[in-house]
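Here is the structure we will look at, set down as C-alpha cells.
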Protein chains: 2
Amino acid sequence: MTTRTAEQRRTEERTVYDAFMAACPTRQVMATVGGKWAGLLVNALAAGPRRHGELRAVIAGVSQKMLTQTLRELERDGLVERTVTPQVPVRVDYELTPLGRTLVPVLRALKDWSETHIEEILDARSRFDAAPPG
Amino acid sequence: MTTRTAEQRRTEERTVYDAFMAACPTRQVMATVGGKWAGLLVNALAAGPRRHGELRAVIAGVSQKMLTQTLRELERDGLVERTVTPQVPVRVDYELTPLGRTLVPVLRALKDWSETHIEEILDARSRFDAAPPG
DNA sequence: CGGTATCCCGGTGGATACTG
DNA sequence: CAGTATCCACCGGGATACCG
C-alpha cells in the first residue's frame, strides 16, 4: 500500500514544520535573547561598557559560567563586542554593538509592558488557581 | 565565630537575588510568553477566535499536549479566554482577552526587529564560528 | 474532538574546582 | 580577574495511550 499512515503524515508534517521553525527569525532571536540572563545583560550594557566582574556584581545572582556563556552568545550574534586589554591580570570589557543598541528599545518595550500589566497577570493567576476544581 | 564564610555570603546573596528575580515582572512575563509556542499562539489568535483543532492545523507541528499546556498558561495569565460549548462532541474556542490584545503589538515589534536584523545576526554567527581558533 | 496521564530524552543552567 | 572543565539536577517538551 502506497498510502501513508496517519503517523507517517504527522511525522512528515513535523519535519516540514521543524525546517520552518528553524528558519523563523523570531525564534532564532528568542533563542538568544529569551535566555535567562540575556535581557538583563543587554540592559546592563545599555548604559555603557562594563567589565566581566562589574557585570557579575550588577546582575547579582548570575554564575560566572552563565555570565560568560550568555556573553558569548550575544557576541556570536553580533550584539555585544568583547575587548581584551593584554595586561596582568588581563582586562576584558564588553559593550553593545550598534546592532545590539537597536535591540534596547524593543526590550524596553517588553519591559514596560510587563511592568504595566504584571498586576493584572498576577490577579488573573490568583483567580485561575483559586478556580473551582469541578 | 559569628563571621560568615564567603560561601555563606554568596548563598545568601543568591537567595536575595532569587527573591528579586522571582519578582521581576519581565522575567515572569517571559516565563509564559518566552515559551516555544506562546508567541505563535498569540499571533494566531490575534486574527480572532480559534478552536483547538484549528490551532493545531495553523501552528503545524505543535503536539496537542504542548498546545493545551501553552493555552492553559496563557489562560492562567489572563491573556486568553477559553470558551466551552457543551455539545457532542464538545466545542472549545480560544480568543485573546483585552489584556492579551495589548501584548500583540509588543510581540510584533519583537518580530519586526527579528526579521529586520536576522541577516546581520546570521552573518555575525558565520563570522564568529569561522573565527581563528587561536 | 478536546483533554489527561505517563514515560522519557536532551538542553539549560547551577556548583565546584582548576588554569593563565 | 577572566575563563574553562566537569558533574549534575531540573524541567521543557515530545511520544504514546487512554478518557468523556
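Letters A, B, ... mirror the listed sequences (proteins, then strands); counts begin at 1. Nothing here was measured: the structure is a model prediction, and the numbers come from that model.
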Test of understanding: with salt bridge (charged side-chain N to carboxylate O under 4.0 Å, His left out), list the residues that count as partners of A/Arg50, not counting sequence neighbours. none
Given atom NZ of A/Lys36 and atom P of D/dG12, what is their separation to the nearest angstrom? 11 Å
When the C1' atoms of the five terminal pairs at each end define the local axes, what inter-axis angle does the helix from C/dC1-D/dG20 to C/dG20-D/dC1 show, to 10 degrees? 40°
What closest approach, in Å, do B/His52 and B/Thr68 show between heavy atoms, and which atom pair accounts for it? CE1-OG1, 3.3 Å
Whole-Å distance separating the CZ atom of A/Arg50 from the P atom of D/dC1: 17 Å
Expressed in angstrom and rounded to an integer, what is the separation of B/Glu73 atom CD from D/dC11 atom C1'? 12 Å
Indicate whether any N or O donor in one side chain lies under 3.5 Å from an N or O acceptor in the other, for A/Thr83 and A/Asp93. no
Which pair of non-hydrogen atoms, one from B/Glu120 and one from B/Arg127, has the smallest distance, and what is that distance? O-NH2, 4.5 Å
On DNA chain C, check which nucleotide each of A/Pro89 and A/Gly35 is closest to and give me the residue with the more 5' one. A/Gly35
Send over the distance from A/Trp37 CH2 to C/dG11 P, rounded to a whole Å. 22 Å
Heavy-atom pair with the smallest gap, counting every atom of A/Trp37 and B/Arg27: N-NH1, 4.5 Å
Heavy atoms under 4.0 Å, any strand shown: does A/Arg51 hit a base, just sugar-phosphate, or nothing? sugar-phosphate
Taking all non-hydrogen atoms of both residues, which atom of B/Val58 and which atom of B/Ala44 are closest, and how far apart? CG1-CB, 4.3 Å
Do B/Val88 and B/Val92 sit in the same hydrophobic cluster, where Ile, Leu, Val, Met, Phe, Trp and Tyr count as joined when their side-chain heavy atoms come under 4.5 Å apart? no
B/Glu75 atom CD is separated from C/dG2 atom P, nearest whole Å, by 15 Å
Rounded to whole Å, CE of A/Met30 lies from P of C/dG11 at a distance of 19 Å
Please report the distance, rounded to the nearest Å, between CZ in B/Arg56 and C1' in D/dG14. 12 Å
Polar atom pairs (N or O), protein with nucleotides 3-7 of chain C, under 3.5 Å:
from, atom 1, to, atom 2, distance (Å)
C/dG3, OP1, B/Arg82, NE, 2.9
C/dG3, OP1, B/Arg82, NH2, 2.7
C/dG3, OP1, B/Tyr94, OH, 2.8
C/dG3, OP2, B/His52, ND1, 2.6
C/dG3, OP2, B/Tyr94, OH, 3.2
C/dG3, O6, B/Gln64, NE2, 3.4
C/dT4, O4, B/Gln64, NE2, 3.1

Quick one, B/Val106 with B/Leu110, criterion side-chain contact (heavy atoms from CB on, under 4.5 Å). Give me CA distance, side-chain angles, the key distance, then yes/no. CA-CA 6 Å; B/Val106 180; B/Leu110 185 61; over 6 Å; no
Rounded to whole angstroms, how far apart are CD on B/Gln69 and C1' on D/dG12? 8 Å
May I ask whether B/Tyr94 and B/Val90 are part of the same hydrophobic cluster, defined by side-chain heavy atoms of I, L, V, M, F, W, Y residues being less than 4.5 angstrom apart, directly or through others? yes
